[in-house]
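See below for the structure under consideration.
Reminder, nothing fancy here: chain letters follow the sequence lines and each chain counts from 1.
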Number of protein chains: 2
Amino acid sequence: MKERDELDRCDCNVIHEDVVNAVREKMPSEENLYDLAELFKVFGDTTRIKILWALAESEMCVCDIAVLLNMTQSAISHQLRILRQARLVKYRKEGKIVYYSLDDEHVKHIFNQGLIHINEKY
Amino acid sequence: MKERDELDRCDCNVIHEDVVNAVREKMPSEENLYDLAELFKVFGDTTRIKILWALAESEMCVCDIAVLLNMTQSAISHQLRILRQARLVKYRKEGKIVYYSLDDEHVKHIFNQGLIHINEKY
DNA sequence: TACAAATATGAATAATCGTTCAAGTGTTAA
DNA sequence: TTAACACTTGAACGATTATTCATATTTGTA
């Protein structure tokens with residue numbers, strides 16, 4: 001029985017079964033919630049935040065970003081791969097130089113909402 | 001010399017010094033970027049995303065959340081502490097029961113922006 | 001008072017993650 | 001073709017993190 005399993009697992013009794021059921025019906029799919037967490041995980045690193053903020057300002061090559069953030073070019077390249085996989089940045093090659101830029105307009109909107117939260121609190 | 005240090009560190013030459021300088025001036029403070037990353041780090045976990053989404057729907061006690069997510073009450077309690085510290089949830093006590101609810105209206109806005117990004121891509 | 005229930009917390013463990021280092025592409029120019 | 005440069009990548013290391021387990025704490029109740 002499903003309910004029995006859940007109680008065994010949660011280690012407590014259901015206090016408000018009606019609330020739980022109502023909320024359960026309104027929850028997005030497991031997949032959607034997972035993807036959402038994965039997206040925010042990408043934003044949850046200072047280096048990547050800085051890279052995205054920089055690219056929101058201007059297209060830049062890997063070396064420029066490394067200089068701007070005072071980090072090794074290798075570290076930047078690793079982070080750019082993660083941003084690429086999340087489809088947050090795109091790139092174009094010009095000879096040996098690779099130029100990165102934002103691939104998503106609402107990154108700025110998400111950041112701004114985040115800043116609102118931070119600055120509103122005290 | 002600052003520039004020398006940066007070049008040592010980034011392991012490459014400045015390609016577009018003008019771009020780097022222009023972007024540097026537009027960057028928010030180190031502190032702001034750090035706080036922003038910390039906020040998104042909190043969103044970057046499936047369990048916490050689920051908790052926040054549930055609380056966006058209805059006030060719930062710890063036990064209810066544990067049943068809803070099929071997790072131990074202890075695990076939920078640990079995550080609620082993180083959400084409390086980030087000022088994303090608030091709580092009220094009623095006897096031995098602790099009811100949690102959202103403490104921030106734009107959590108929903110941030111989530112919605114995130115979903116837009118996810119769903120727009122293919 | 002003693003007990004059970006709801007929640008919180010500290011320590012431990014396993015998994016994940018960011019950076020570094022070393023070695024690899026691919027491209028330009030001598 | 002050789003060398004230098006811009007960048008990428010894989011492995012390794014240390015740090016962080018989510019969950020579990022055991023143990024508190026607080027409150028209602030017998």
Side-chain angles (χ1 to χ4, degrees), chain A residues 7-17 19-20 33-34 37-38 40-52 59-86 89-100, chain B residues 7-17 19-20 33-34 37-38 40-52 59-86 89-100:
Chain A
L7 290 180
D8 289 347
R9 187 143 182 67
C10 90
D11 219 28
C12 61
N13 303 309
V14 189
I15 310 287
H16 309 92
E17 210 170 342
V19 173
V20 173
L33 293 168
Y34 177 83
E38 287 301 304
F40 288 130
K41 209 172 282 179
V42 174
F43 292 147
D45 176 81
T46 317
T47 301
R48 287 192 294 265
I49 286 271
K50 287 177 181 172
I51 293 175
L52 289 171
E59 174 186 72
M60 293 180 91
C61 70
V62 180
C63 181
D64 286 345
I65 302 173
V67 173
L68 175 69
L69 304 188
N70 195 29
M71 294 178 65
T72 65
Q73 154 271 119
S74 174
I76 299 297
S77 191
H78 277 296
Q79 297 300 352
L80 284 170
R81 183 170 46 82
I82 294 172
L83 294 173
R84 248 183 292 140
Q85 286 168 349
V89 302
K90 59 178 189 282
Y91 65 95
R92 66 180 180 87
K93 276 188 170 176
E94 204 170 277
K96 22 179 192 178
I97 303 177
V98 181
Y99 292 95
Y100 280 88
Chain B
L7 290 181
D8 289 347
R9 189 143 182 67
C10 91
D11 219 30
C12 61
N13 302 308
V14 189
I15 310 285
H16 310 91
E17 210 170 343
V19 173
V20 173
L33 292 169
Y34 177 82
E38 287 302 303
F40 288 129
K41 211 173 281 181
V42 174
F43 292 147
D45 176 81
T46 317
T47 300
R48 288 192 293 266
I49 285 271
K50 286 177 182 171
I51 293 176
L52 289 171
E59 173 187 71
M60 294 180 92
C61 70
V62 180
C63 182
D64 286 345
I65 302 173
V67 173
L68 175 70
L69 304 188
N70 196 28
M71 293 177 66
T72 65
Q73 163 272 327
S74 175
I76 300 296
S77 193
H78 277 296
Q79 297 299 350
L80 284 170
R81 184 169 46 81
I82 294 172
L83 294 173
R84 248 183 292 138
Q85 287 168 347
V89 302
K90 59 178 188 284
Y91 65 95
R92 66 182 180 86
K93 276 188 170 175
E94 202 170 277
K96 21 178 193 177
I97 303 177
V98 181
Y99 292 96
Y100 281 86

Answer yes or no for A:Arg48 and A:Phe43: cation-pi contact, defined as NZ/CZ to six-membered ring centre under 6.0 Å and angle to ring axis within 45°.
no
B:His78 aromatic ring stacked with six-membered ring of C:dT9, 5.5 Å and 30°:
yes
C:dT19 P sits how many Å from A:Leu69 CG, rounded?
10 Å
Around atom OH of A:Tyr99, are there more than 12 heavy atoms from other residues, nucleotides or ligands closer than 6.0 Å?
yes
Integer-rounded Å distance: C:dT20 C1' and A:Met71 CE
10 Å
B:Asp64 side-chain N/O to A:Val20 backbone N/O, donor-acceptor pair under 3.5 Å:
no
Spacing between A:Asp45 atom CG and D:dA15 atom P, to the nearest angstrom
17 Å
How many whole angstroms separate atom NZ of B:Lys41 from atom P of C:dG18?
8 Å
Specify the separation, in whole Å, of atom CZ of B:Arg81 and atom C1' of D:dA24.
15 Å
Any donor-acceptor N/O pair under 3.5 Å between C:dT9 base and B:Ser74 side chain:
yes
So do B:Cys61 and A:His16 actually touch side chain to side chain, heavy atoms under 4.5 Å?
yes
Given that B:Arg84 and A:Ile82 both sit by DNA chain C, which one's nearest nucleotide is further toward the 5' end?
B:Arg84
For a side-chain contact (heavy atoms from CB on, under 4.5 Å) with A:Ile51, tell me which candidate from A:Leu80, A:Leu68, A:Ile82 qualifies.
A:Leu80
Nearest whole angstrom, please: distance from the P of D:dC7 to the CG of A:Leu83.
15 Å
Quickly work out the A:Ile76 CD1 to C:dC21 P distance and round it to whole Å.
15 Å
Using a cut-off of under 3.5 Å, enumerate the N/O to N/O pairs linking the protein to nucleotides 4-7 of chain C.
from: C:dA5; atom 1: O4'; to: B:Lys96; atom 2: NZ; distance (Å): 3.4
from: C:dA6; atom 1: OP2; to: A:Asn13; atom 2: ND2; distance (Å): 3.2
from: C:dT7; atom 1: OP1; to: B:Val62; atom 2: N; distance (Å): 3.3
from: C:dT7; atom 1: OP1; to: B:Val98; atom 2: N; distance (Å): 3.3
from: C:dT7; atom 1: OP2; to: B:Cys63; atom 2: N; distance (Å): 2.9

Specify the residue among A:Gly44 and A:Lys93 whose closest nucleotide of DNA chain C lies further upstream toward the 5′ end.
A:Gly44
Under a 4.5 Å cut-off applied to non-hydrogen side-chain atoms, are B:Leu52 and B:Val89 in contact?
yes
CD of A:Glu94 versus C1' of C:dG26: gap in Å, rounded?
16 Å
For A:Glu59, enumerate each residue passing the side-chain hydrogen bond (donor to acceptor under 3.5 Å, both in side chains) test, keeping only those at least two apart in sequence or located in another chain.
A:Arg92
